[in-house]
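Down below is the structure, laid out as structure tokens.
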Amino acid sequence: SYLANHLIDMYARCDSLAEARAVFDSLERPPTPVWTALLVAYGRNKKLDEARAVFDAIPRPNLACWNAMLSAYAQNGRLRTARDFFDSMQRRNVISWNAMVAAYAQNGYLEEARQTFDKMPDPDLVSWNTIVTAYAKRGDLVEARKLLRRMPKQTPVSQTVMVLAYAQEGRIDEARELFEQTRHPDVLCCNTMLGAYAQTGQHLVEASSLFDRMVAKDDVSWNTMLKAYVTCGEIEKAEGVFASMPRRDVVSWTSMVTAYGQAGDLEAARRTFDKMPSKDPAAWTAMLTAYGRNGELEEARSFFEDIPTKDSVAWNAMEAAYAQAGDMVAAVEIFKRMAVKDQSAWNTLVNGYAQAGEIQEAKRIFDAMPQRD
RNA sequence: GACUCGUUGGUUACG
């Protein structure tokens, strides 16, 4: 029970839901926190129905269970259900409110997030962090700063979020300034600054110097440094980091596949892909794109068909591979087969026709788009 | 001990 929580949590992070379930099933009368941990595990792994089934099976669900279910809905894009669920709650605490604010923000409803924040009873620092994050992620730095000034006190989260916000706007100097004003930046904040340096290639020296100065490094730090070299096409440096990392996870491996693909070394990319201990849709898609960008459309297609679970990004990548090769017939065929046609899928078509010189067709698609931007 | 906020990899566009 006590360590069952940790086990379930660990397994959930490793996508080992079956093992999490096994731990759970080994308990004859699981305490409520263990039920909640399992619910969260399902929710984080996109198993919403299972999460709900767990919730319904909890003998005496407390507020934490309700909050967990609320977040599970929100994190799986079920905003409406989340809101109805929130409204149906007999009791709410600050965590429920924070979860609802985050639910709106993460699903793109900034105004509703703000309204909820403004009317919640007793916002705590997490509430403030949540609303600042919402504005920062949208790129509204002015409002983010305004809210930041009204916060009772700064937190590691708010500091990190602001560094990230400036970085995402390409304002690296200001990001650095904020970062340097931070008294004792934690690993996440350092990683964020590292990522800011990594995103362009203009700041490789600063990236590696920060990386070397970091006293605490986690997997994300290493992966971010790796990515910095990959972005700059510094294959040898990337290989050096990859070889010396304490731990290589699926993110590290995928970065290397991308690196080789960008360098035009399909053999190395494929060798790396084949050696990956575990593969997720992102890894498959990276390899698929490597084939496509190097003109191997047939290989890309048969590889695509082999992907065990194709998410929407994988579909988009196959479509884009054809579109970029000028084969709009094949691109459209993929597009038509898509279960979900997101913005990227539409953009790829419009852009593909435009690049092929078929302007009128591009415009026709553009006008048919559900939401234009 | 469980529930809410921040960092890294794959697709398009944006930059």
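Below, chain A is the first sequence line, B the second, and so on; all start at residue 1.
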- Message: On the nucleotide rC3(B), are OP1 or OP2 found under 4.0 Å from the side-chain N or O atoms that Arg91(A) carries?
- Response: no

- Task: Please work out whether the ring planes of His203(A) and Tyr197(A) are parallel, tilted or perpendicular, with thresholds of 30° and 60°.
- Result: tilted

- Could you state the atom-to-atom distance from CD1 of Ile334(A) to P of rU12(B) in whole Å? 15 Å

- Using whole Å, report how far CD of Gln199(A) lies from C1' of rG9(B). 15 Å

- Among the candidates rG6(B), rU7(B), rC3(B), find the nucleotide nearest to the side-chain atoms of Thr192(A). rU7(B)

- Task: Report yes if a side-chain nitrogen or oxygen of Gln75(A) is closer than 4.0 Å to either non-bridging phosphate oxygen (OP1 or OP2) of rC5(B); otherwise report no.
- Result: yes

- Would you classify Val250(A) as touching base, sugar-phosphate or nothing, given that sugar-phosphate means primed atoms plus P, OP1 and OP2, and contacts are heavy atoms under 4.0 Å? base

- Considering only heavy side-chain atoms of Thr289(A), the closest of rU11(B), rU4(B), rU8(B) is rU11(B)

- Using atom CG of Leu194(A) as one end and atom P of rG9(B) as the other, report the distance to the nearest whole Å. 11 Å

- Message: I need the CE-C1' distance between Met318(A) and rU11(B), as an integer number of Å.
- Response: 11 Å

- Can any side-chain N or O of Ser71(A) pair as donor or acceptor with the backbone N or O of Ala68(A) at less than 3.5 Å? no

- Query: What nucleotide among rG9(B), rA2(B), rU7(B) has an atom nearest to a side-chain atom of Ala37(A)?
  - Reply: rA2(B)

- Measure distances between side-chain N and O atoms of Asp249(A) and base N and O atoms of rG9(B), and say whether any donor-acceptor pair falls under 3.5 Å. no

- Query: Heavy atoms under 4.0 Å, any strand shown: does Gln324(A) hit a base, just sugar-phosphate, or nothing?
  - Reply: sugar-phosphate

- Item | Whole-Å gap separating C1' (rU12(B)) and CD (Gln355(A)) | 11 Å

- Message: I'd like to know if Thr160(A) reaches the base of rG6(B) with its side chain, counting only an N/O donor and acceptor under 3.5 Å.
- Response: yes

- Are Phe303(A) and Phe273(A) an aromatic pair by the rule of ring centers under 6.0 Å? yes

- Say whether, by atom type as modelled, one donor and one acceptor occur between the side chain of Arg301(A) and the main chain of Met318(A) under 3.5 angstrom. no

- Query: So, does the side chain of Asp280(A) form a donor-acceptor pair with the base of rG10(B) at under 3.5 Å?
  - Reply: no

- Query: Base, sugar-phosphate, or nothing: which does Ala317(A) touch, judged by heavy atoms less than 4.0 Å apart?
  - Reply: sugar-phosphate

- Heavy atoms under 4.0 Å, any strand shown: does Thr224(A) hit a base, just sugar-phosphate, or nothing? sugar-phosphate

- Report the C-alpha separation of Asn223(A) and Met245(A) in whole Å, then their side-chain angles, then the decisive distance to 0.1 Å, and conclude whether the side chain to side chain contact (heavy atoms under 4.5 Å, CB included) test is met. CA-CA 9 Å; Asn223(A) 283 334; Met245(A) 304 175 69; 3.3 Å; yes

- Message: So Asp186(A), base contact, sugar-phosphate only, or nothing? Heavy-atom distance under 4.0 Å.
- Response: base

- Task: Look at the side chain of Thr348(A) and decide which nucleotide, out of rC3(B), rU12(B), rC5(B), has an atom nearest to it.
- Result: rU12(B)

- How long is the line joining CE of Met162(A) and P of rU7(B), in whole Å? 14 Å

- Is Thr285(A) touching bases, backbone alone, or none of the nucleic acid, heavy atoms closer than 4.0 Å? base

- Query: Which part of the nucleic acid does Ala68(A) contact within heavy-atom distance under 4.0 Å: base, sugar-phosphate only, or nothing?
  - Reply: sugar-phosphate

- Message: Between C1' on rG6(B) and CE on Met193(A), what's the gap in Å once rounded to a whole number?
- Response: 15 Å

- Looking only at rG9(B), rU7(B), rU4(B), the nucleotide nearest the Val126(A) side chain is rU4(B)

- Query: What nucleotide, of rU12(B), rC5(B), rA2(B), holds the atom closest to the side chain of Ala320(A)?
  - Reply: rU12(B)

- Do the side-chain N or O atoms of Gln106(A) get closer than 4.0 angstrom to the phosphate oxygens (OP1, OP2) of rC5(B)? yes

- Task: Could you please name the option among rG10(B), rC5(B), rU8(B) that lies closest to any side-chain atom of Pro281(A)?
- Result: rG10(B)

- Note on the structure: Looking only at rC3(B), rG6(B), rG10(B), the nucleotide nearest the Thr36(A) side chain is rC3(B)

- Does a nitrogen or oxygen in the side chain of Lys227(A) sit under 4.0 Å from OP1 or OP2 of rG9(B)? yes

- Note on the structure: Asn316(A) has its side chain closest, among rU11(B), rC5(B), rG10(B), to rU11(B)

- Task: Quick one: label Asp311(A) by what it contacts on the DNA or RNA (base, sugar-phosphate, nothing), any heavy atom closer than 4.0 Å.
- Result: base

- Regarding the side chain of Thr130(A), the nearest nucleotide among rU8(B), rC5(B), rU4(B) is rC5(B)

- Quick one: is rA13(B) close enough that its OP1 or OP2 comes under 4.0 Å of any side-chain N or O from Asn351(A)? yes

- Hey, is the side chain of Lys217(A) poking within less than 4.0 Å of OP1 or OP2 on rU7(B), counting only N and O atoms? no

- Mind checking Lys137(A) for me? I need base, sugar-phosphate or nothing, with any heavy atom below 4.0 Å counting as a touch. sugar-phosphate

- Task: Examine distances only and state if a side-chain atom of Asn294(A) and a backbone atom of Gly261(A) form a donor-acceptor pair shorter than 3.5 Å.
- Result: yes

- Task: Indicate, with yes or no, if the rings of Phe86(A) and Trp97(A) have centres closer together than 6.0 Å.
- Result: yes

- Distance, rounded to the nearest Å, where Asn62(A) contributes CG and rC3(B) contributes P: 12 Å

- Message: Is there a side-chain contact between Arg293(A) and the phosphate of rU11(B), meaning an N or O under 4.0 Å from OP1 or OP2?
- Response: yes

- Query: Using a cut-off of 4.0 Å on non-hydrogen atoms, how would the nucleic acid contact of Val313(A) be classed: base, sugar-phosphate, or nothing?
  - Reply: base

- To the nearest 0.5 Å, atom NZ of Lys146(A) lies from atom CG of Leu141(A) at 12.5 Å

